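If you're wondering where the values come from, they're calculated on a predicted model, not measured in any experiment. These values consider heavy atoms only, across backbone and side chains, with no hydrogens, waters or symmetry-generated copies. Quick note on labels: first sequence line is chain A, next is B, and so on, each numbered from 1.
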Amino acid sequence: MIEFFNTLTGKKEVFKPIKENNVSIYVCGMTVQNRPHLGHMRAYVMADLIRRVFEYNGYTVKMIQNFTDIDDKIIERSREFDMDYRVFGERYIKEYIESSLKMNILEPYYYPRATQHIDEIINLVETLIEKGYAYVIDGDVYYKTAKFKDYGKLSGKKIEDLISGARIEINPKKHDPLDFALWKKAKEGEPYWYSPWGKGRPGWHIECSAMSMKYLGETFDIHAGGTDLIFPHHENEIAQSEAATGKPFANYWIHNEMLRIKGEKMSKSLSNFLAVSDILKKVSPNALRLYYYRTHFRSPLEYDDGSLKEASSSFERMKRFVMENQSGADIDGDLFDELIKNLNNNFNSPKTLGIMFSAIKDANNGIRDKQITANTLRKALEILGFVLEGEKKEEISDKVIDTVVGIRDKMRAEKLFEYADFVRDELKKLNIEILDSKDGTKWRIK
RNA sequence: GGCGGCAUAGCCAAACGGUAAGGCGGCGGUCUGCAAAACCGCUAUUUAUCGGUUCGACUCCGGUUGCCGCCUCCA
């Protein structure tokens, strides 16, 4: 049994799939107008965790994650860089996929792009016009928000409150300030596609409706993304999709809270972001994954440099325990079940980690068997998406280091500590650490 | 202004009505020629604050204070 918080109902619910043992998930991917940052990665690591938990529970997961590769800002920024908008977006798509692979995020079934689904988008807009949910004005097409009775059901907003809000921009073409563009007429020099309404491009929200329904069906199980998308993006997706099909869109909505930096949301527009690929030069993908897992995805996460180092130390300790003690295949079923139980309960990664560390302490204290505990934790770490293979050491270089260490042992035996310390210091410069103990000398690459 | 969320030790953080997990850091110890690492022990009589419900509240209800998100492009 898997249960989690559903934004649509505002409650934690037991998951019931549309098709037994299958789960369809649409993850709102990036709008590729800038580099993927730590905040984006939080959302995608969350989605990866969710997927892994479903798969462990025996579900066949069909996950779709889009790239929105056409929008106003992409056009604007690509011009600043004097680049074709396609080339411009491609850089960020590539950067995202590279970081995602490094993070050991399982690849989605497909990464659809908005610009490759223009036909589907046009068909959807036509349906909305036919059904009276959209209107054409001077080459633009707008969605008639007031006609959709359930408008606001995801975000908990009321149409009256939205109208009284002072921040809605006035566009004289719209019948109603809450109406939003499904299709935008191209201005001079902008990219365009031919449509029944003239040359233009899709509005922001329609691509996700078109792509999710194409690959997952008119009704699918889970739609995921950041809380900043709840309104208007996801609200509008529901309005468009349900008006067009007359069926429920996604049954469950999962939203992750924001990553903050200095008390503010990390975001492209605030230009206070840290690019994932830069961070991955400083900390390991495992450490970054653990950093995200330490906080429940429904809580805000405040970034500071120290917390990544903390996560790094923490992961190293876990890994060392597992690598040094694992042996055979026996696992502690009760401990393992406890870990899975907490993952199945709203994907509670912080609590799961807490139990894992407690188990390490118990094993060190002799309350639990070290080997079996290590084997159990290893299995859990794999489900959680961590990669445990040690550093890639070449066999020969290992032997060389062993030899140098052996020589130093000789020096120590001869009480030539000055020389022994010199060897230790020199090795340290190569990031090779010497660990003396009564069982002999060990070393490791830092 | 409207809607929603959050407040737990030095820092991060769990807890879903049954009496405060865990991590990092710090301190003390074991080990070591010294050191590092590892390991052990200690580090919240109390959950922003004031009331209420209950045999019992971090958990539920109301007020106050502070912070954040959305209402405009956003994961």
Sugar-phosphate, base or nothing in reach of A:I434, heavy atoms under 4.0 Å: base
Touch class at under 4.0 angstrom, heavy-atom based, for A:G306 against every strand present: nothing
P atoms of B:C71 and B:G17, separation to the nearest Å: 33 Å
Watson-Crick or G-U wobble partner of B:C6, both distances under 3.5 Å: B:G66
Minimum-distance nucleotide (side-chain atoms of A:T295 versus B:C12, B:G22, B:A37): B:C12
Sugar-phosphate only, base, or nothing, as touched by A:D421 at under 4.0 Å among non-hydrogen atoms: base
Rounded distance (Å) that lies between atom C1' of B:G33 and atom CG of A:D409: 13 Å
Given A:F249, A:Y252, A:W253, the one that forms ring-ring contact (aromatic ring centres under 6.0 Å, His included) with A:F220: A:F249
Integer angstrom distance from the C1' of B:C67 to that of B:U49: 15 Å
B:C24 versus B:G56 - spacing of their P atoms, nearest Å: 39 Å
Nearest-angstrom distance from the residue atom CG of A:N345 to C1' of B:C16: 8 Å
Nearest-angstrom distance, C1' atom, B:A20 to B:A44: 8 Å
Distance flag, aromatic centroids of A:H117 and A:Y215, threshold under 6.0 Å: yes
Whole-Å distance separating the NE2 atom of A:H296 from the P atom of B:C12: 18 Å
Point-to-point distance, once rounded to the nearest 0.5 Å, from OG1 of A:T31 to NZ of A:K73: 10.0 Å
Nearest-angstrom distance, P atom, B:C58 to B:G2: 32 Å
Touch class at under 4.0 angstrom, heavy-atom based, for A:D436 against every strand present: base
Separation between the P atoms of B:A15 and B:U59, rounded to whole Å: 14 Å
Sugar-phosphate, base or nothing in reach of A:R408, heavy atoms under 4.0 Å: base
C1'-based separation of B:U43 from B:G10 [nearest Å]: 10 Å
Touch class at under 4.0 angstrom, heavy-atom based, for A:R320 against every strand present: sugar-phosphate
Touch class at under 4.0 angstrom, heavy-atom based, for A:S314 against every strand present: sugar-phosphate
Distance-only donor-acceptor test, A:R294 side-chain atoms vs B:C24 base atoms, 3.5 Å: no
Rounded distance in Å between the C1' positions of B:A21 and B:U47: 14 Å
Side-chain (A:R77) to main-chain (A:Q33) donor-acceptor, under 3.5 angstrom: yes
Check: A:F180 ring centroid to A:Y142 ring centroid under 6.0 Å: no
Residue whose nearest RNA chain B nucleotide is more 5′ - A:P350 or A:R412: A:P350
A:K265 (side chain) and B:C68 (base): donor-acceptor pair under 3.5 Å: no
Sugar-phosphate, base or nothing in reach of A:N346, heavy atoms under 4.0 Å: nothing
Donor/acceptor link under 3.5 angstrom from A:R424 side chain onto base of B:A35: yes
For B:G22, the Watson-Crick or wobble counterpart (both distances under 3.5 Å): B:C12
Separation of atom CG in A:N236 from atom P in B:C71, rounded to whole Å: 11 Å
Sugar-phosphate, base or nothing in reach of A:T31, heavy atoms under 4.0 Å: sugar-phosphate
Centroid distance under 5.5 Å and plane angle under 30°, A:F417 vs B:G33: yes
Sugar-phosphate only, base, or nothing, as touched by A:M266 at under 4.0 Å among non-hydrogen atoms: base
Nucleotide opposite B:C60 in a Watson-Crick or G-U pair, distances under 3.5 Å: B:G52
Enclosure of A:F422 CZ (heavy-atom neighbours >12, cutoff 6.0 Å): no
B:G1: pairing nucleotide in any strand, Watson-Crick or G-U under 3.5 angstrom: B:C71
G-U wobble or Watson-Crick pairing nucleotide for B:C39 (cut-off 3.5 Å, both distances): B:G29
Close side-chain approach of A:Y303 to A:N272, heavy-atom, < 4.5 Å: no
Check: A:Y44 ring centre within less than 6.0 Å of A:Y96 ring centre: yes
Side-chain N or O of A:N348 closer than 4.0 Å to phosphate OP1/OP2 of B:A13: no
Sugar-phosphate only, base, or nothing, as touched by A:E324 at under 4.0 Å among non-hydrogen atoms: nothing
Nearest-neighbour nucleotide for the A:N364 side chain, B:C16, B:C40, B:C70 considered: B:C40
Approximate separation, where rounding is to 0.5 Å, of A:S349 OG and A:L343 CG: 7.5 Å
Polar side-chain contact A:K157-B:C70 base: donor and acceptor under 3.5 Å: yes
Sugar-phosphate only, base, or nothing, as touched by A:F321 at under 4.0 Å among non-hydrogen atoms: nothing
Interatomic distance where NZ belongs to A:K158 and C1' belongs to B:C70 [whole Å]: 15 Å
Phosphate OP1/OP2 of B:G41 contacted by A:N365 side-chain N/O (<4.0 Å): yes
Interatomic distance, A:Y292 OH vs B:G23 P [rounded to whole Å]: 23 Å
Length of the CZ-P vector between A:R260 and B:C70, whole Å: 10 Å
Between B:A13 (C1') and A:M356 (CE): distance, integer Å: 16 Å
First of A:E264 and A:H37 reached from the 5' end of RNA chain B, by closest nucleotide: A:E264
Presence of A:R317 side-chain N/O under 4.0 Å of B:C39 phosphate oxygens OP1/OP2: yes
Touch class at under 4.0 angstrom, heavy-atom based, for A:G39 against every strand present: base
Output field: ring centroids A:F297/A:F5 closer than 6.0 Å: no
Sugar-phosphate only, base, or nothing, as touched by A:K442 at under 4.0 Å among non-hydrogen atoms: nothing
